[in-house]
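Here's the structure, in structure tokens; my notes come after.
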Protein chains: 2
Amino acid sequence: MAKAKTAIVKANTEEHIRARNEKMILKAAVELFSRKGFDGTRIAEIAQVSGLPKANVYYYFATKQAIYTRLIESLLAGWDKALEHISADREPREALAAYVAAKLEYSRKHTSESRLFANEMLGGGQFISRQQKQHVRAITRERAAVIQGWIKKGKLAPVDPNHFLIMLWATTQFYADFASVTAVTLGKGRLNGADFEEARKTIVEVVLNGAIAPMEPAKNSQRSLKIR
Amino acid sequence: MAKAKTAIVKANTEEHIRARNEKMILKAAVELFSRKGFDGTRIAEIAQVSGLPKANVYYYFATKQAIYTRLIESLLAGWDKALEHISADREPREALAAYVAAKLEYSRKHTSESRLFANEMLGGGQFISRQQKQHVRAITRERAAVIQGWIKKGKLAPVDPNHFLIMLWATTQFYADFASVTAVTLGKGRLNGADFEEARKTIVEVVLNGAIAPMEPAKNSQRSLKIR
DNA sequence: TATTTTCCTGACGATTTGGTCAAGTTTTTT
DNA sequence: AAAAAACTTGACCAAATCGTCAGGAAAATA
């Protein structure tokens with residue numbers, strides 16, 4: 001029995017004691033970094049929020065930057081998933097709708113991570129390695145190729161694939177990063193599930209079908225294609 | 001002549017000496033704040049960039065916050081202009097295209113200000129007064145009403161006006177705030193005029209007409225309206 | 001049980017930072 | 001020209017902050 005007990009304790013501590021504490025630190029850190037940026041965040045505060053003494057935080061992470069870059073890494077790791085919706089074998093209508101939905105969902109559930117990333121971008125991406133940048137660029141290229149494929153098949157209007165992707169990204173990202181403005185704009189304190197659903201519908205509708213009412217009389221028809 | 005000379009000197013200094021120095025300080029500050037955020041910016045650095053000794057900066061601005069809020073103010077002051085394009089007496093197609101163009105132009109010319117604002121939003125808008133928030137909300141409501149009017153006249157698809165506006169804002173804003181990502185995505189070092197033009201075209205095209213190719217055969221026609 | 005490894009933490013140090021001040025210079029006004 | 005007002009600045013300070021460290025507690029291993 002003593003043996004069994006030891007095993008249980010072991011399961012809860014060994015390997016776990018470190019994992020658990022690191023997790024707590026990172027959790028506190030992502031929230032603070034995302035709000036206050038790298039410089040604005042005090043590790044004393046990270047320590048306080050995570051319930052550990054400051055020196056203990058330093059036991060697990062050598063420097064403040066170590067915590068930060070660790071977060072950036074794990075963020076980028078989960079970044080690609082939504083983009084996978086944009087695959088060549090799907091119909092653009094369905095794929096794009098799924099992408100928007102997935103991205104918004106991500107924005108809603110991982111608000112802090114999103115903000116952290118935005119913060120990092122605003123700072124010029126100083127803490128993102130060359131490799132990581134190349135990765136972002138690579139997956140963007142892949143997806144741009146898919147879009148280009150759709151266009152060639154006549155399934156999509158001939159827009160610039162890169163800017164189109166940026167547009168989708170920007171729109172969905174916005175709801176995570178600027179939740180405060182968005183809430184103010186909508187006259188609310190906080191965004192709820194219904195707001196995100198309304199956002200999703202609006203974005204999908206506009207991106208797929210455009211904002212101009214399709215049944216509009218050909219009043220300006222002679223100019224309707226001038227834009228492109 | 002002595003008199004004339006005095007007058008000239010006066011014009012260049014009196015009233016100007018303050019104006020000029022404040023301008024230099026603010027110019028340096030907006031660049032730094034926009035990159036490093038409020039906490040990340042050292043006023044010693046502001047002083048250095050603006051070429052003044054630190055104590056002199058404090059002669060013109062009582063605190064760091066004073067500089068910051070001053071910038072936020074002047075930013076919001078120039079904020080409404082682009083939105084004015086969305087007016088009830090214009091055709092939506094033309095008005096929206098003009099708005100996107102104007103907003104992108106602003107993003108391009110006032111990159112730092114835009115980033116500063118984004119930074120402030122990420123932080124939750126701590127330094128924006130209640131009045132200023134109300135102002136943002138008020139002008140958004142006005143424009144949402146215009147959009148709603150267009151929809152009622154059948155000129156616009158029945159989308160949520162607020163989310164539609166947010167979408168436009170997000171998309172255009174993105175190019176200022178995340179220029180670094182955008183550049184990486186496009187595989188460039190920096191965005192030039194042509195990039196912004198391509199962005200404009202893409203956004204306008206998608207927002208007005210949608211991404212789905214209009215002449216597509218009615219393959220999925222039975223589902224084509226499912227989304228909304 | 002003994003020993004080794006991992007974990008914990010209060011106290012401390014070096015440095016940085018926002019902000020002050022007093023003494024001076026330049027400009028404006030009278 | 002003299003007095004007043006506006007501007008300039010090197011030196012300084014108190015508080016905050018990142019990171020260190022030594023010594024002890026807990027846990028794993030033998």
Side-chain angles (χ1 to χ4, degrees), chain A residues 1-26 28-29 32-33 35-71 126-127, chain B residues 1-26 28-30 32-33 35-71 123 126-127:
Chain A
M1 181 157 178
K3 212 173 183 179
K5 191 180 174 186
T6 307
I8 290 173
V9 169
K10 196 174 169 182
N12 280 337
T13 53
E14 178 233 10
E15 187 83 52
H16 275 22
I17 203 166
R18 176 168 214 109
R20 175 170 47 88
N21 282 345
E22 283 189 358
K23 200 177 290 179
M24 288 174 70
I25 294 170
L26 290 172
L32 290 167
F33 277 135
R35 279 289 179 207
K36 311 189 171 189
F38 182 78
D39 291 291
T41 300
R42 318 291 157 198
I43 58 173
E45 211 177 350
I46 293 180
Q48 198 201 337
V49 172
S50 54
L52 269 51
K54 195 182 64 170
N56 207 354
V57 171
Y58 274 102
Y59 175 72
Y60 289 108
F61 294 93
T63 65
K64 190 173 165 182
Q65 238 199 62
I67 305 180
Y68 190 84
T69 51
R70 174 84 155 263
L71 287 172
Q126 330 164 31
F127 294 103
Chain B
M1 175 144 187
K3 212 174 181 180
K5 190 181 174 187
T6 305
I8 289 171
V9 169
K10 196 175 168 183
N12 280 336
T13 55
E14 178 233 11
E15 187 82 53
H16 275 20
I17 203 165
R18 176 169 214 107
R20 175 170 45 87
N21 283 345
E22 284 190 356
K23 202 176 289 180
M24 289 174 70
I25 293 170
L26 290 172
V30 74
L32 291 166
F33 278 134
R35 280 289 178 207
K36 311 188 171 187
F38 182 79
D39 291 291
T41 300
R42 320 288 157 199
I43 59 172
E45 211 177 348
I46 293 180
Q48 198 201 335
V49 172
S50 55
L52 269 51
K54 195 181 65 169
N56 207 354
V57 171
Y58 274 101
Y59 175 73
Y60 289 107
F61 294 92
T63 65
K64 188 174 168 183
Q65 240 198 63
I67 306 180
Y68 189 84
T69 52
R70 173 84 155 261
L71 287 172
Q126 329 163 34
F127 295 102

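From a predicted model like this one, the values you see are computed outputs, not experimental measurements. Order of the sequence lines sets the chain letters (A, B, ...), proteins ahead of strands, with each chain counted from 1.
The environment of CD in Q48(A) is sparse: at most 12 heavy-atom neighbours from other residues, nucleotides or ligands sit within 6.0 Å.
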Subject >> Per-nucleotide protein contact string for nucleotides 10-24 of chain C (B base, S sugar-phosphate only, - none; heavy atom under 4.0 Å) >> reply: B------SBBBB---

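Nearest heavy-atom pair, K36(B) versus T41(B), reported as atom, atom and distance to 0.1 Å: CB-OG1, 3.8 Å. Shown here for A47(A) and P53(A), the closest heavy-atom pair between the two residues is CB-C, 4.0 Å.
Counting to the nearest Å, the P atom of dA26(D) and the CG atom of N21(A) are 15 Å from each other. Taking atom CZ on R18(A) and atom P on dA27(D), their separation rounds to 16 Å, with Å as the unit. Nucleotide dT8(D) holds its C1' atom 16 Å from the CZ atom of F61(B), rounded to whole Å. dT26(C) atom P lies 15 Å from atom CZ of R20(B), rounded to whole Å. We find that NE2 of H16(B) is positioned 11 Å from P of dT28(C), with the value rounded to whole Å. Summarising the geometry, the separation between CD1 on I17(A) and C1' on dT5(C) is reported as 12 Å, rounded to the nearest angstrom. Regarding I25(A), its CD1 atom lies at a distance of 12 Å from the P atom of dT9(C), rounded to whole Å.
Using a 4.0 Å cut-off between charged nitrogen and carboxylate oxygen, R42(A) and D39(B) count as a salt-bridge pair.
Not one N or O on the side chain of K54(B) forms a donor-acceptor pair closer than 3.5 Å with the backbone of E45(B).
Taking 4.0 angstrom as the limit, Y59(A) places none of its side-chain polar atoms (N or O) nearer than this to OP1 or OP2 of dC21(D).
Legend: ring pair (Phe, Tyr, Trp, His ring centres under 6.0 Å) pairs involving residues 35-61 of chain B, not counting sequence neighbours, sorted by first then second residue: F33(B)-F38(B), F38(B)-Y68(B), F38(B)-F127(B).
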